[in-house]
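Notes for the one structure printed next.
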Amino acid sequence: LVAAVAEVWRRATDGNAPPGPPVGVLTTMERSAWAASYEQLCELGNRDVLQHIQSALMVLCLDSIVVTDPTEMARLLLHGTGTNRWFDRHNLIVTRNGEAGLNLEHSVGDGTTTLRVADYMYRQDARRT
């Protein structure tokens with residue numbers, strides 16, 4: 001897993017390829033508009049990629065910024081720039097300096113269940129430090 005994440009980071013930061021279009025921002029659209037956009041993206045040859053994303057439990061967002069201010073971190077976790085988020089999935093967001101948080105898509109389950117998972121992850125991490 002570590003090697004796979006390192007490879008993703010290397011590809012994202014190698015500077016040779018410009019970033020692709022921020023397709024994830026479309027997930028913020030009104031549901032029927034997003035559904036129409038999704039179908040159009042599929043028709044353009046992206047069905048397999050979109051199905052992989054939609055079937056994922058969580059999206060890992062590696063943000064290249066360092067955040068030290070709690071207000072800025074809250075903004076980052078809520079929406080960031082919106083360009084590397086997929087708001088139809090849970091997003092695990094990690095900053096360059098290792099700060100992390102979650103943006104949870106809550107329509108798939110009860111908020112209490114989602115928060116219990118987040119609390120469990122936090123407590124497990126706290127035990128290791």
Side-chain angles (χ1 to χ4, degrees):
L1 180 61
V2 172
V5 171
E7 177 63 14
V8 168
W9 185 259
R10 186 193 65 75
R11 287 183 186 185
T13 60
D14 72 0
N16 292 329
V23 177
V25 78
L26 299 176
T27 62
T28 66
M29 297 170 69
E30 185 272 325
R31 296 293 83 194
S32 59
W34 164 228
S37 295
Y38 183 92
E39 283 306 313
Q40 190 172 22
L41 288 167
C42 288
E43 290 170 7
L44 292 171
N46 299 294
R47 185 172 306 278
D48 288 345
V49 172
L50 291 169
Q51 285 178 341
H52 281 295
I53 296 169
Q54 287 299 109
S55 67
L57 175 64
M58 186 173 288
V59 175
L60 174 62
C61 306
L62 301 173
D63 285 358
S64 61
I65 63 173
V66 172
V67 178
T68 56
D69 175 60
T71 302
E72 180 64 14
M73 188 66 177
R75 185 200 64 76
L76 181 76
L77 296 176
L78 182 60
H79 54 73
T81 63
T83 58
N84 71 337
R85 306 287 192 266
W86 199 268
F87 292 105
D88 283 353
R89 297 277 90 76
H90 298 317
N91 290 255
L92 172 59
I93 302 153
V94 183
T95 66
R96 180 175 287 284
N97 59 324
E99 295 291 327
L102 298 168
N103 181 301
L104 300 172
E105 201 293 311
H106 61 276
S107 70
V108 298
D110 182 87
T112 303
T113 304
T114 302
L115 288 175
R116 286 191 66 152
V117 170
D119 183 61
Y120 176 81
M121 291 170 60
Y122 172 76
R123 289 179 190 274
Q124 291 300 311
D125 185 58
R127 286 183 184 165
R128 288 185 279 157
T129 57

With heavy-atom distances below 4.5 Å as the criterion, would you say the side chains of Leu104 and Val117 are in contact?
no
Less than 4.5 Å apart, any side-chain heavy atom of Glu39 and any of Arg47?
yes
Single-linkage hydrophobic cluster, 4.5 Å side-chain cutoff, [X] and [Y] together:
X	Y	value
Met29	Phe87	no
Val94	Tyr122	no
Trp34	Val25	no
Leu78	Leu60	no

CA sep, side-chain torsions, deciding dist, call: Arg116, Asp119, salt bridge (Lys or Arg N to Asp or Glu O under 4.0 Å):
CA-CA 5 Å; Arg116 286 191 66 152; Asp119 183 61; over 6 Å; no
Checking one residue: Leu76. Which other hydrophobic residues are in its cluster under the side-chain 4.5 Å linking rule?
Ile65, Val67, Met73, Leu77, Ile93
Distance (rounded to the nearest 0.5 Å) between Cys42 SG and Asp48 CG:
9.0 Å
Supply the atom-to-atom distance Asp88 CG to Ile53 CD1, rounded to the nearest 0.5 angstrom.
10.5 Å
Would you indicate whether Arg123, at its atom CZ, is surrounded by more than 12 heavy atoms from other residues, nucleotides or ligands within a distance under 6.0 Å?
no
Take atom CG in Leu57; do more than 12 heavy atoms of anything else shown fall under 6.0 Å from it?
no
For Thr81 and Arg75, the nearest pair of non-hydrogen atoms, with its separation, is N-NH1, 4.3 Å
State, to 0.1 Å, how close Ala56 and Arg89 come at their nearest heavy-atom pair, and which atoms those are.
O-CD, 2.9 Å
Quickly, which of Thr28, Thr27, Asp63, Asn91 forms a side-chain hydrogen bond (donor to acceptor under 3.5 Å, both in side chains) with Arg85? Name it, please.
Asp63
For a quick check under 3.5 Å, do Trp86 and Gln54 share a side-chain donor-acceptor pair by atom type?
yes
